Amino acid sequence: MLQITLTRDMVMQIAPMCGVDDCRRAGLDVVARHKGILNFTTAIDLREHWISQKTPSRFRFLKALVSKMKTMGLVDHNPVSGIPAPAIPKRVRPEITREKWMRMVDASEGHYIQHLIKGVWMTGLAFSDLCLLEWKHIDIDAGIITKVRQKMTKRAGGECIIPLEEDGPFIKYLRKAWESKDLEANVYPSNVAKGVHYVCNEIAAQYFRTYRHSEIYRQYRLARDRAGVDAIDVHDFRSHTATVLVNSMNPILAAQVTGHTNLNVLQKYVQKDVKSLTDKVRQAHKEAA
């Protein structure tokens, strides 16, 4: 039976290279549950354990972690390569309403997580985009964000042009922060000398510190729980924005807001809206008659 032994140091060394914090959690679960011993039997046990804990995707992250370890030469074998990952039902994105979002806004007031919660509404910006939002991206007078999305900074991606809701919670928050922004000009992680000045230093610092993404998400979930709102993830707001925009304007214009360079990718974010589609199709037939 093929068998390897993972240590905490190995997991902490390789997990960051996988780019997903769940790889670290999966590896540490092996260390905690089976003293680092990974073979067919312990892998199956972990697989069933994660299914029972409703985190079946963690097995996929374990496979990614071990594969990376083998590539790096830290282990000689990959005992999980032939074990199928559990089937994961496709998640149905929940309905998002302004009322639900405003409850989350109220629940996050005074905490750094308000920057994320206020910014996800109708901007199309993702988690990393908001955590690393800089003042140079914002025209505070016009109420417009112009930004290349973080995942596109090293690719051929154009700028997103995002008009903010007039007098909405996010622009009000930005205007207030603008008044005192110079006080944080050279506070970590902002460094004006290097051309970086984050809107919210606190959330940017959390983002850069090792494995602090999970803490930001935890604070998001806590605010969501205080608001009594269930199941809405941060990225669901990006899908909601894409859906609203595509249902209301030319998809090419919508893509200029969301930053999608491929309309096929944009389409995957758009949730089917039978009522909106029905109304538009019937109206199109009336106008053509």
Side-chain angles (χ1 to χ4, degrees), residues 1-94 126-129 131 149-152 154-155 207 209-218 220-221 224 230-239 242 260 262 264-271:
M1 179 184 296
L2 295 179
Q3 178 171 301
I4 59 175
T5 300
L6 308 186
T7 66
R8 180 182 177 84
D9 288 344
M10 290 168 61
V11 173
M12 299 302 283
Q13 175 188 350
I14 300 299
M17 300 180 189
C18 299
V20 181
D21 197 40
D22 275 295
C23 289
R24 175 184 65 90
R25 295 193 185 100
L28 293 180
D29 280 354
V30 176
V31 175
R33 191 171 175 85
H34 292 291
K35 297 182 180 179
I37 295 174
L38 186 62
N39 53 36
F40 180 83
T41 301
T42 59
I44 292 297
D45 174 76
L46 286 161
R47 184 177 184 271
E48 297 307 310
H49 170 69
W50 287 326
I51 290 174
S52 69
Q53 296 295 308
K54 298 183 179 180
T55 56
S57 61
R58 197 161 293 177
F59 191 78
R60 297 177 185 271
F61 293 117
L62 175 64
K63 297 185 77 168
L65 177 69
V66 177
S67 176
K68 177 66 72 172
M69 286 181 171
K70 189 172 185 299
T71 300
M72 299 295 292
L74 292 180
V75 296
D76 296 327
H77 310 289
N78 186 344
V80 296
S81 64
I83 304 175
I88 303 175
K90 186 175 180 180
R91 179 176 178 267
V92 177
R93 294 190 185 274
F127 175 82
S128 60
D129 301 320
C131 289
R149 293 197 55 226
Q150 289 302 126
K151 69 185 298 183
M152 303 302 292
K154 296 183 180 179
R155 306 184 205 173
Y207 183 91
R209 289 169 183 152
T210 307
Y211 303 122
R212 298 304 284 181
H213 292 194
S214 58
E215 176 61 18
I216 298 174
Y217 280 118
R218 189 179 78 86
Y220 169 85
R221 289 191 294 270
R224 186 184 63 189
D230 296 327
I232 298 178
D233 292 338
V234 174
H235 213 59
D236 290 335
F237 283 93
R238 181 162 167 76
S239 175
H260 288 102
N262 186 323
N264 289 329
V265 178
L266 174 61
Q267 183 181 16
K268 294 178 181 179
Y269 277 84
V270 177
Q271 302 175 68

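Throughout, numbering of the chain's residues begins at 1 and tracks the sequence. As the structure is a prediction and not an experimental result, all values here were calculated from the model. Hydrogens, waters and symmetry mates play no part in the numbers below; they use all other heavy atoms, side chains included.
- In this structure, Thr71 contributes its side chain and Ser67 its backbone to a donor-acceptor pair below 3.5 Å.
- In terms of heavy atoms, Ile232 sits closest to Tyr220 at O-OH, 2.8 Å.
- Remark: the Asp45 side chain and the Thr42 side chain contain no N/O donor-acceptor pair separated by less than 3.5 Å.
- Heavy atoms of other residues, nucleotides or ligands lying less than 6.0 angstrom from CD of Glu48 number more than 12.
- Counting heavy atoms from C-beta on, the side chains of Ile216 and Cys131 come closer than 4.5 Å.
- Atom CZ of Arg60 sits about 12.5 Å away from atom CG of Asp22, to the nearest 0.5 Å.
- Between Ile4 and Val66, the closest side-chain pair of non-hydrogen atoms falls below 4.5 Å.
- Taking CD of Gln271 as the reference point, atom CG of Asp236 lies at 7.5 Å (rounded to 0.5 Å).
- Closest of all the heavy-atom pairs between Leu65 and Cys18 is CA-SG, 4.0 Å.
- Of the candidates His34, His77, Gln3, Asn39 forms a side-chain hydrogen bond (donor to acceptor under 3.5 Å, both in side chains) with just one, namely Gln3.
- In this structure, Tyr207 and Phe127 have tilted ring planes: the angle between them lies in the 30° to 60° band.
- Enclosure of atom CZ in Arg8 is not indicated, since only 12 or fewer non-hydrogen atoms of other residues, nucleotides or ligands lie within 6.0 angstrom.
- Within the 4.5 Å cutoff, the side chain of Lys68 has no heavy atoms near those of the Leu74 side chain.
- Applying the salt bridge (Lys or Arg N to Asp or Glu O under 4.0 Å) test between Asp233 and each of Arg221, Arg224, Arg93 identifies Arg224 as the sole match.
- Annotation: the span from Asp29 atom CG to Leu6 atom CG amounts to 11.5 Å, rounded to 0.5 Å.
- For the pair Ser214 and Arg25, the minimum side-chain heavy-atom distance is below 4.5 Å.
- Scanning both residues, Ser81 and Lys63, for their nearest heavy atoms gives O-NZ, 3.6 Å.
- Put simply, the side chain of Arg149 never gets that close to the backbone of His260: no donor and acceptor are under 3.5 Å apart.
- Here the CG-OG distance, from Leu266 to Ser239, works out to 10.0 Å after rounding to the nearest 0.5 Å.
- Counting heavy atoms from C-beta outward, Pro86 and Phe59 have side chains that approach closer than 4.5 Å.
- Geometrically, Arg238 engages Tyr269 in a cation-pi contact, judged by NZ or CZ lying under 6.0 Å from the ring centre and within 45° of the ring axis.
- The two residues Arg47 and Pro84 have their closest heavy-atom pair at NE-O, 2.9 Å.
- Residues Ala64 and Cys23 share a closest heavy-atom pair of CB-SG, 4.3 Å.
- Pro56 and Ile51 get closest at one heavy-atom pair: CB-CG1, 4.2 Å.
- Heavy-atom neighbours of Met72 CE from other residues, nucleotides or ligands within 6.0 Å: at or below the threshold of 12.
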